[in-house]
Q: 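Dropping a structure here in structure tokens format, bear with me for questions.
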Amino acid sequence: MITYNQQKYIRECLQSIVDQETDFDFEVIVGDDCSTDGTREAVVEFAKRYPDRIVPLLYPEKVGGTQNFMSVHNRADGTYVAHIDGDDIALPGKLQAQVDYLDAHPDCSVTWHRMNLFNDAGTLCKPNLPDVSMFENGNVYLADALKFGSVCYHSSMMYRASARKTRQVEGETLDYFYTVEMLMSGYGKYLDDILGKYRYNKSTGISRKGRGPQTVMKQYADHLNHYLSLLPAFRREIFINSVLYLLVELKNRRMSAFLFLKLAIRSFSFVGYGEFMKNFRRFRRINAGV
């Protein structure tokens, strides 16, 4: 769990994790990025209340969302690692369901689940997302992530520890970076059960705090360029991705459209009109859900 200035939410999030009933032991590693609003005090409070369960990481100075994520996940030494942001909520049965699936399917490297989206007032905004029928049998493959971008709610992720290879990064990364990396070790599975609640209109944030759309899209384009060099066999998927996001950025009238234009030229592959429109429609469905 990573958190920053989430005093209003962190106790509910932590309680939803420690209350999970499982037939295995687990620990909750919480990285607080020098919060100034009482979040750190809440984490310490829970660590004292559940000393055998909560492991607090309290940094002496602010490290940022990416380094907080890396520190927390590097500290984990279990067979499986689950992630949740400090303002979201786990529902009963979450951890057990994901472990059961991973235990039974050794070729699966990462699982997610559907979530209810709610706002700060507790109002349900968008229930039961995403529609897992957009992935055949709920299975997600590397080609899907490279073609369509983000395919999951980060706070629903549980993965095999062996699937995460990157232990240190420079600068900032997006959630997407880790999704692609995990899918390089096996397929992903969307569980159809609703096992979490995602805070939709957050008054605070972690991964994108201080980063506007232009910065986020630049980082996303950088990730795609990295994977184009690393995974040349998926050139066609990355070309489709770059064209799809070129259209998005043109629609939003953002200068980052030029980044995706350059990427499309660099990754150019022939794609027929019918195939592109089929991918365009699926892209819209996936991004409406995540």
Side-chain angles (χ1 to χ4, degrees), residues 83 108-115 117 126 128-157 159 163 173-192 198 200 207-208 213 216-252 254 256-257 259-290:
H83 177 83
C108 178
S109 63
V110 57
T111 63
W112 308 283
H113 54 74
R114 294 197 295 160
M115 302 185 81
L117 277 65
K126 297 182 180 181
N128 312 340
L129 290 176
D131 176 2
V132 297
S133 67
M134 67 182 72
F135 302 106
E136 186 175 357
N137 299 318
N139 293 347
V140 183
Y141 297 95
L142 178 59
D144 295 318
L146 291 174
K147 189 186 297 184
F148 301 115
S150 179
V151 294
C152 65
Y153 292 116
H154 201 45
S155 284
S156 76
M157 175 179 67
Y159 63 90
T173 59
L174 303 177
D175 305 343
Y176 175 72
F177 179 87
Y178 308 104
T179 298
V180 172
E181 181 171 84
M182 290 162 196
L183 290 174
M184 291 169 64
S185 296
Y187 75 93
K189 175 68 175 182
Y190 247 120
L191 303 183
D192 197 43
Y198 178 86
Y200 187 60
S207 62
R208 296 186 180 183
V216 170
M217 286 297 99
K218 181 183 184 304
Q219 291 167 343
Y220 181 69
D222 287 344
H223 291 343
L224 288 179
N225 273 295
H226 169 70
Y227 288 121
L228 179 60
S229 299
L230 183 66
L231 302 167
F234 292 90
R235 179 187 188 95
R236 198 162 184 270
E237 285 78 8
I238 294 172
F239 170 71
I240 293 172
N241 193 326
S242 62
V243 175
L244 291 170
Y245 273 95
L246 170 61
L247 296 175
V248 169
E249 296 306 280
L250 286 173
K251 178 182 177 182
N252 291 321
R254 290 198 284 252
S256 46
L259 299 174
F260 293 96
L261 175 60
K262 290 194 295 185
L263 179 60
I265 294 171
R266 184 179 171 217
S267 61
F268 179 77
S269 304
F270 177 76
V271 178
Y273 176 78
E275 180 185 357
F276 180 80
M277 291 307 298
K278 179 180 178 181
N279 285 307
F280 176 72
R281 288 189 291 269
R282 191 175 175 200
F283 171 79
R284 293 185 65 184
R285 285 188 66 200
I286 291 172
N287 281 275
V290 299

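Numbers here are sequence positions counted from 1.
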Q: Measuring from Phe268:CZ to Ser242:OG, what's the distance to the nearest 0.5 Å?
A: 10.5 Å
Q: Heavy atoms, side chains only, cut-off 4.5 Å: are Thr111 and Tyr159 in contact?
A: no
Q: Are the side chains of Asn241 and Leu224 in contact, using a 4.5 Å heavy-atom criterion?
A: yes
Q: Go through the steps for Ser229 and Arg266 under the test side-chain contact (heavy atoms from CB on, under 4.5 Å), then give the verdict.
A: CA-CA 10 Å; Ser229 299; Arg266 184 179 171 217; 2.9 Å; yes
Q: Do any N or O atoms from the side chain of Arg114 and from the backbone of Leu191 form a donor-acceptor pair under 3.5 angstrom?
A: no
Q: Going from CD1 on Ile286 to CG on Asn279, what distance comes out if it is rounded to the nearest 0.5 angstrom?
A: 9.0 Å
Q: Checking Lys218 now: which residues fulfil salt bridge (Lys or Arg N to Asp or Glu O under 4.0 Å) with it, not counting sequence neighbours?
A: Asp222
Q: What's the verdict on side-chain contact (heavy atoms from CB on, under 4.5 Å) for Leu250 and Phe260, showing C-alpha distance, side-chain angles and the deciding distance?
A: CA-CA 10 Å; Leu250 286 173; Phe260 293 96; over 6 Å; no
Q: Does the side chain of Tyr220 pick up a donor-acceptor pair with the side chain of Asn225 at under 3.5 Å?
A: no
Q: Using side-chain heavy atoms (C-beta onward) and a distance below 4.5 Å, is Met184 in contact with Leu230?
A: yes
Q: For Ser109 versus Ala163, what's the shortest heavy-atom pair and its separation?
A: CB-CB, 4.0 Å
Q: Side chains of Leu142 and Tyr227, heavy atoms from C-beta outward: is any pair under 4.5 Å?
A: no
Q: Looking only at heavy atoms, what is the nearest atom pair of Leu231 and Leu146, with distance?
A: CD1-CD1, 4.0 Å
Q: If you compare all heavy atoms of Ala145 against all heavy atoms of Val180, which two are closest, and at what distance to 0.1 Å?
A: CB-CG2, 4.2 Å
Q: Tell me the closest heavy-atom pair linking His113 and Tyr190, and the distance in Å.
A: O-CE2, 3.7 Å
Q: I'd like to know if the side chain of Arg236 and the backbone of Phe270 have a donor-acceptor N/O pair within less than 3.5 Å.
A: yes
Q: Below 4.5 Å, heavy atoms only, C-beta onward: do Phe239 and Leu263 meet side chain to side chain?
A: no
Q: Just jot down the salt bridge (Lys or Arg N to Asp or Glu O under 4.0 Å) partners of Glu181, sequence neighbours excluded, or say none.
A: none
Q: In Å and rounded to the nearest 0.5 Å, what is the CZ to OG distance from Arg235 to Ser269?
A: 5.5 Å
Q: Which value, rounded to the nearest 0.5 Å, describes the distance between Met217 atom CE and Gln219 atom CD?
A: 9.0 Å
Q: Check whether any side-chain N or O of Asn139 sits under 3.5 Å from a backbone N or O of Lys189 as a donor-acceptor pair, and report yes or no.
A: no
Q: Applying side chain to side chain donor-acceptor pair (under 3.5 Å), can you list everything that pairs with Ser133, at least two apart in sequence or on another chain?
A: Asp131, Arg285
Q: Rounded to the nearest 0.5 Å, what's the gap from CD1 on Ile240 to NZ on Lys278? Could you check?
A: 11.0 Å
Q: Can you tell me if Ser156 uses its side chain to pair, donor with acceptor, with the backbone of Trp112 under 3.5 Å?
A: no
Q: Taking the six-membered ring for Trp, are Tyr141 and Tyr187 parallel (under 30°), tilted (30 to 60°) or perpendicular (over 60°)?
A: tilted
Q: Is there a side-chain contact between Arg282 and Asp144 in this structure, where contact means two heavy atoms from C-beta onward sitting under 4.5 Å apart?
A: yes
Q: Suppose we call two aromatic rings close when their centres sit under 6.0 Å apart. Are Tyr245 and Phe283 close by that rule?
A: yes
Q: Are Cys152 and Thr179 packed together at the side-chain level, in the sense that at least one heavy-atom pair is separated by less than 4.5 angstrom?
A: yes
Q: Is Phe280 close to Arg284 at the side-chain level, that is, under 4.5 Å between some pair of heavy atoms?
A: yes
Q: Determine whether a donor-acceptor pair (N or O, by modelled atom type, separation under 3.5 Å) exists between the side chain of His223 and the backbone of Leu174.
A: yes
Q: Taking the side chain from Ser267 and the backbone from Ile265, do they hold a donor-acceptor pair closer than 3.5 Å?
A: no
Q: Between Tyr178 and Thr173, do the side chains contain an N or O donor and an N or O acceptor separated by less than 3.5 Å?
A: yes
